[in-house]
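Have a look at the structure below, then the notes.
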Amino acid sequence: MEPATRLDHNHQLSLREFPYIIRWRDDRCKRCGKCTAVCPVKAIEPTVNVQRTVHSEGPLPQPTAVRKVIQVVEQVTDMERYCTGCGTCTLVCPNEAIEPEYNPQNKFYHYKNKSGEPYKRGGRRNDPSISTLDKLKFTRISMLTDPALDAGRHEFRVRTLLGRILPPEELPLKMVNGKLVVDKESGRFIPPVREIFPIMVGSMSVGALSPPMWEGLAMGVAYLNEVEGLPVVMCSGEGGMPPRLLRSKYLKYFIIQIASGYFGWDEIIHALPHMVEDPAAIEIKYGQGAKPGDGGLLMAQKVLRLIANIRGVPQFVDLSSPPTHQTKYSIEEAVAKMIQSMSMAWGFRVPVYPKISGTKTARAVLNNLARNPFAAALSIDGEDGGTGAAYNVSLDKMGHPIASNIRDCYLDLVKQGKQNELPLIAAGGVGKKGNLAANAAALIMLGASAVSIGKYIMQAAADCFGDEYNRCNLCNTGKCPRGITTQDPKLYRRLDADRVAERVVETFKAADVEMRKIFAPMGRSTELPIGMSDGLSIEDKAMAERLEINYAC
Amino acid sequence: MCRLAAITSNEYFSPMENILALETMKEGHDGSGLGLTLKDLGGEFEEFKEFPIMSGICSRKGLDTLDDFMKKHGFRLKHEWNPKIKHVKGVVSREYYFARAYDYPKSYKEKSMREKEDLLMNTRLMLRKIGEPDESIFVFSFYPDVITLKEVGDPLQLGEFFGLDRDGLRAKIIFAQGRQNTNYAIYLYACHPFFIQGFCSMTNGENTAFVPIREFLMGRGFPGYTGYNSDSEVFTHILHYTVRQLGFPLTYYKDVITPLKTTEIDQREDRDALRLVKQSLRPLCIDGPNMVIGFTPDGTCFMVQDAKKLRPGAVGGVKGKYALMSEECGVDKAVPKRDRTRDIFPMKYDMVTISPQAEEVRVWNQLRA
C-alpha cells in the first residue's frame with residue numbers, strides 16, 4: 001500500500017487548473033525532442049517513466065509483472081511554467097503528436113500570483129465574446145432609389161485628414177479677380193494637415209517589438225506609400241526610432257510618439273537639425289487602452305544593447321514610464337504646453353495630438369482640445385487595445401469600450417459644430433475577430449476620422465499566436481516564440497522582416513478593397529463617410545439607443 | 001427619381017410651360033407632389049418687386065394666427081394673390097393658398113438687404129414653428145419677387161387645380177419639380193424646390209451623405225439651417241452657405257459639393273485656397289447620385305452633377321430662353337425651336353451657368369478653372 005502522504009498530493013496542482021492541457025500521443029511521437037526544445041516556457045519536458053505491465057498466459061491466471069522504462073513528453077504542473085497554448089510544439093512536431101488544448105475550467109488566475117507578484121502579460125483583454133464593433137452592420141444599401149456604386153469601376157478616395165482643420169468661417173481667404181487666394185497678410189495660423197489612409201499602424205515601440213518586426217512594419221509602410229500610393233502612416237511608440245530612419249526621407253510616413261518616460265527623445269532631438277523630412281505627426285501618449293492609468297513598461301529582459309542605446313539607458317533594467325507626464329500638473333498644463341512645445345520643435349509644420357485611453361472622461365479632454373487651436377486630433381484607445389506588458393487586471397478590467405466613447409466624443413463635437421475641425425482616431429480591438437475593414441468602417445461611421453491597429457497587424461503580418469483565450473501573450477517576457485516581441489536574437493531570427501513587410505502590404509491592400517466593398521453599396525466613394533450613422537444598425541435596442549443609430553433585427 | 005424642369009427667360013412666361021415639360025418626362029406613378037418656385041415675377045406682382053412675398057398654405061384658424069402675427073411684427077399687407085382653385089379628382093384641397101406681398105416694418109425700411117433677409121427668414125421660421133404642430137400654417141418662402149407653390153398630387157392635375165392655365169401668374173425664372181416620393185411619407189415641407197434668402201435649388205436622386213451634411217450645417221449656428229424633411233434641402237443650404245455666408249463665387253459651390261482630388265487641385269491656379277476649402281468643407285461633399293439645378297439672388301441659373309454623374313441632366317435653348325431639365329425631352333418641350341446639337345449635358349467637372357435674363361450660357365470646367 002502506498003503511504004497516505006503520497007496519495008493526496010496536497011499543495012500540488014492538477015493539470016485541470018491549467019489554462020491549456022497538452023495532448024500528447026505516445027503512438028505518434030518519435031521522441032525527436034523538438035517540442036520540448038522549442039517550448040518558450042518549458043511547460044513540457046522529456047522524461048522517463050517506469051511502466052509496470054502485468055501479463056498472464058495460459059488457461060489459468062498466472063500474472064507476472066514486467067517493469068520497463070519508457071520515454072514520454074510530460075506537461076509540468078508548475079504554475080510558473082504553465083502551458084500558454086502558443087502551439088509552437090505543434091508547429092515543429094513532424095508527426096502531429098502534440099497540441100495544447102484550451103481548458104475552460106482552468107483556475108489559472110487563482111494561482112498566478114506567486115511571491116505576491118500579480119500576473120503580468122502582453123496581448124489584449126481576454127474576452128472572446130463578440131465585440132460591439134463586430135455587432136454593427138451596414139444596412140443602408142443603395143438600391144434603385146440611388147444606384148449602388150461599383151467598387152471596381154468607380155473612383156474611390158479612401159483617405160482621411162490628420163491635423164487641425166480650420167472652420168470655414170475662419171479661413172484666411174480673399175478674392176482676387178473672382179478667385180479665392182490665401183491672404184498671407186492676415187497672419188492667421190494655418191495648421192498642418194496630412195492626407196492619410198484611414199487605417200494607421202498604432203504605436204508599438206522599438207524595444208517592445210523585435211528588430212525584424214519593427215523593420216518589417218516600417219518597410220511595409222514605406223512600400224505602401226512609395227509604390228502602392230497608399231498613404232499609410234505608422235506610429236513609433238515610446239522608445240525612439242532608429243537613428244538612420246530619423247534622418248531619412250521616409251520619416252514622413254512615421255508618427256513619433258512622446259510618452260511620460262521620454263525614452264528615445266535624446267536621440268530624436270539630436271537628429272532634428274539633420275532631418276530632411278518632417279514626421280507625419282507627433283503623438284503625445286497620455287494613456288493606453290490596454291492599461292489605463294499605467295505608464296509604459298519594458299521589462300529588463302528585453303532591454304538589450306540596441307534598445308539601451310536608442311533609449312539612452314543601461315542594459316537589463318526595467319523601463320517603466322510613469323503613469324502621467326511628471327512635469328505637468330493639470331490638463332491645461334499638460335495638453336497645452338506639450339502640444340505647443342512639440343509644435344514649436346518642428347516650426348509648427350507637424351500635427352501634434354494626444355492619445356488617451358478610453359474613459360468616461362474623454363469628453364472633458366476633447367473639449368479642452370477643441371478650444372486649443374494647436375491640437376491636431378484626439379486618439380482614443382479603447383479597452384480592447386493591446387500592449388507588450390501590463391498587469392492582467394489592467395488589461396482585463398480597466399478601460400472603456402471604444403464604440404460608445406468615440407460616438408460620445410463625435411456627437412459632442414457635432415453639438416459644437418466642430419466635428420470636422422478635430423479628427424478623432426479610434427483604436428482598441430479593431431480587427432479583433434479579423435474584420436479589419438468592417439470594424440474600421442463602422443468606427444468611421446460612428447464618427448472616427450481614422451483608426452489605429454496594433455495587435456491585428458502583429459497577427460496578420462507576423463502570425464502572432466495571441467488571442468482572447470490568453471493564448472501565448474508572452475510579449476512581456478521577451479520569449480515570444482514568433483520572434484515578434486523579443487530582443488533575443490535566437491528568437492527573432494525566426495522572423496523574416498521582408499516577409500513581414502510583404503504581409504503588411506497585402507493586409508492594407510486587402511483592407512482598402514474591403515473598405516470600398518463596404519462604401520460602394522452605401523453609395524459613398526468621394527469622401528470618407530465620417531459620422532454617416534444612418535448607414536449603421538445593430539441588433540440590440542439598448543446599444544442602438546446608446547450609439548444613436550438604427551435598431552434592426 | 002424626381003423630374004426637374006427649370007426655365008429661365010428674358011420674357012415672362014406661365015408655369016404651365018414647366019408643368020408640361022415635366023409631363024413629357026413622366027414615367028410610371030408620379031403623384032407625390034409638385035413644387036413651383038417663381039422668381040422675377042410678372043403679372044400682378046410686377047409692381048411689387050421691392051416687397052417681400054410670403055407664399056404658403058393655411059387653415060382658416062391658421063390665417064387668423066398669421067394675420068395677428070404679421071400685424072404684431074409690423075408687416076403691412078400690400079397685395080394678395082390666391083390661386084383660382086378648380087377641384088380636381090385626386091387632389092385634396094386645403095383651406096387657404098396664398099401669396100402675399102407685405103411692406104417691411106417701419107424699423108426695417110432703411111436697413112440693409114442683408115438685415116432684411118434675416119428678418120424675413122426668421123419670420124418665416126417663427127411661422128413655421130407656430131403652424132407646424134397642427135399643420136395650420138405652411139410657409140415656403142418669404143422674399144421679394146419670389147413665389148412658391150407646393151401641393152401633393154400629380155403635377156399636371158395640380159396645374160389645373162391651381163388654375164395656372166387660366167391665371168395670369170408669370171415669371172422670368174420658374175423651377176418645377178415633380179416628386180416621385182417612394183420611401184417617405186408625403187409631407188409638404190419635404191417638397192422641392194427649396195428656398196432660403198434668395199437661393200433656390202432642386203435635386204434629383206438620393207443624398208447618401210445626408211446625415212453628415214445635415215449635422216455640419218446645423219452646427220454653423222445659422223437659424224435657417226433647419227427642417228431637413230428632405231435630404232435634398234441640404235443642397236440649397238450648401239449653396240446659401242457657400243455663396244452668401246462665406247462669400248465665395250458661385251463656381252466654388254461645385255468645388256464644395258464635388259471636391260477635386262489632391263492631384264487635380266494642384267493643377268488649379270487657386271490651389272492653395274482650394275486645398276483649404278476642401279479640408280474645411282469636407283463634410284459638405286455630396287457623394288451623389290445627384291443633379292442639382294439652382295438659382296442665386298441675381299437670377300443666375302445653374303446645373304451641376306455629382307462627381308460620378310449618375311443622374312441625367314440637359315441644358316438647351318436659345319438666347320433669351322433656356323431650359324434646364326432632368327431629361328432631354330423636357331428641353332424639347334420647353335424650347336422646341338433650337339439647335340439641338342448645341343445642347344449641353346454637363347459632365348462630372350462641369351457647371352453650366354446661365355446669366356440673368358437668359359443672356360448667356362457658360363460651361364465652367366472645374367479642372368481648367
Side-chain angles (χ1 to χ4, degrees), chain A residues 140 142 144-150 154-155 157 159-161 163-184 190-191 193 195 410-411 413-421 445 447 449 519 522-535, chain B residues 1 180 182-183 204-221 231 241-242 245-252 255-259 261-262 268-290 306-308 310-311 348 369:
Chain A
R140 191 203 181 282
S142 297
L144 294 171
T145 54
D146 53 318
L149 305 174
D150 182 336
H154 281 109
E155 183 185 65
R157 298 182 208 164
R159 298 287 184 272
T160 194
L161 300 176
R164 186 57 172 254
I165 298 156
L166 289 178
E169 295 84 3
E170 291 176 26
L171 287 175
L173 300 176
K174 62 179 180 183
M175 198 111 70
V176 176
N177 299 329
K179 284 185 179 160
L180 294 174
V181 293
V182 177
D183 183 2
K184 291 191 174 131
I190 301 175
V193 176
E195 192 178 75
Y410 178 75
L411 290 176
L413 289 173
V414 166
K415 267 188 217 149
Q416 302 171 56
K418 287 176 183 280
Q419 66 269 42
N420 188 48
E421 293 169 38
M445 290 189 194
S449 280
F519 297 150
M522 304 183 85
R524 297 301 306 268
S525 64
T526 317
E527 272 297 338
L528 209 58
I530 298 167
M532 186 184 156
S533 52
D534 59 326
Chain B
M1 188 178 79
Q180 255 174 219
T182 49
N183 52 346
N204 59 17
E206 282 206 15
N207 176 4
T208 52
F210 172 56
V211 169
I213 295 177
R214 180 187 63 188
E215 285 176 347
F216 185 80
L217 287 168
M218 289 175 85
R220 295 303 94 203
D231 59 12
Y241 181 62
T242 309
Q245 300 302 95
L246 297 177
F248 294 175
L250 177 61
T251 50
Y252 285 92
D255 286 315
V256 170
I257 61 171
T258 62
K261 279 189 287 188
T262 312
R268 286 267 294 260
E269 200 185 311
D270 53 357
R271 53 189 163 271
D272 292 339
L274 204 53
R275 234 173 262 131
L276 294 179
V277 168
K278 182 184 173 184
Q279 289 173 4
S280 293
L281 295 165
R282 171 170 63 151
L284 296 184
C285 165
I286 66 164
D287 235 330
N290 301 109
D306 71 86
K308 287 157 291 229
L310 286 167
R311 284 285 181 254
K348 64 182 274 195

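Naming: A, B, ... by sequence-line order, numbering from 1 per chain. Here the structure is a predicted model, which is why all the values come from computation and not from measurement.
Expressed to the nearest 0.5 Å, how far CD of A/Glu527 lies from CG of B/Asp287 amounts to 8.0 Å. The structure places NZ of B/Lys348 at 4.5 Å from CD of A/Glu155, a figure rounded to the nearest 0.5 Å. One distance of note links OG1 of A/Thr526 with CZ of B/Arg282; it measures 13.5 Å at 0.5 Å rounding.
In this structure, A/Leu413 and B/Glu215 have side chains that are not in contact, with every pair of non-hydrogen atoms separated by 4.5 Å or more. Taking the side chain as every heavy atom from C-beta outward, A/Arg157 and B/Cys285 never approach each other to under 4.5 Å. In this structure, B/Thr262 and A/Arg159 have side chains that are not in contact, with every pair of non-hydrogen atoms separated by 4.5 Å or more.
Listed options A/Leu171, A/Asn420, A/Val414, A/Val182 were ranked by heavy-atom pairs under 4.5 angstrom with chain B; first place goes to A/Asn420. Note: B/Ala273 leads B/Ala273, B/Gly247, B/Pro259, B/Gly219 in heavy-atom pairs under 4.5 Å with chain A. By number of non-hydrogen pairs under 4.5 angstrom with chain B, the leading residue of A/Asp534, A/Ile165, A/Leu161 is A/Leu161. If you tally non-hydrogen atom pairs under 4.5 Å between each of B/Gly221, B/Ala307, B/Ala209 and chain A, the highest count goes to B/Ala209.
For the residue pair B/Thr208 and A/Met532, the shortest heavy atom distance occurs at O-CE, 3.5 Å. Scanning both residues, A/Gly523 and B/Lys308, for their nearest heavy atoms gives O-NZ, 4.1 Å. B/Arg220 and A/Pro168 make their closest contact through NH1-CD, 3.9 Å (heavy atoms, listed as atom of the first residue, atom of the second, distance). Here the closest non-hydrogen pair linking B/Tyr252 and A/Gly178 is CE1-O, 4.1 Å.
The stretch residues 173-184 of chain A participates, sequence neighbours left out, in these side-chain hydrogen bond (donor to acceptor under 3.5 Å, both in side chains) pairs: A/Lys179-B/Glu269.
Only the side chain of A/Ser449 comes within less than 4.5 Å of a heavy atom in chain B; its backbone stays farther off. Only the side chain of A/Tyr410 comes within contact range of chain B, judged by heavy atoms closer than 4.5 Å. Of the atoms belonging to B/Leu246, it is side-chain heavy atoms, and not backbone ones, that fall under 4.5 Å from chain A. Proximity to chain A (any heavy atom under 4.5 Å) is shown, for B/Thr251, by neither the backbone nor the side chain. Contacts between A/Glu195 and chain B at a heavy-atom distance below 4.5 Å involve the side chain alone, from C-beta outward. For A/Leu173, the part lying near chain B is the side chain, with the backbone staying farther off; criterion is any non-hydrogen pair under 4.5 Å.
With sequence neighbours left out, B/Gln245 forms a side-chain contact (heavy atoms from CB on, under 4.5 Å) with B/Arg114, B/Phe222, B/Tyr225, B/His240, B/Tyr241.
Not one N or O on the side chain of B/Asp270 forms a donor-acceptor pair closer than 3.5 Å with the backbone of A/Leu180.
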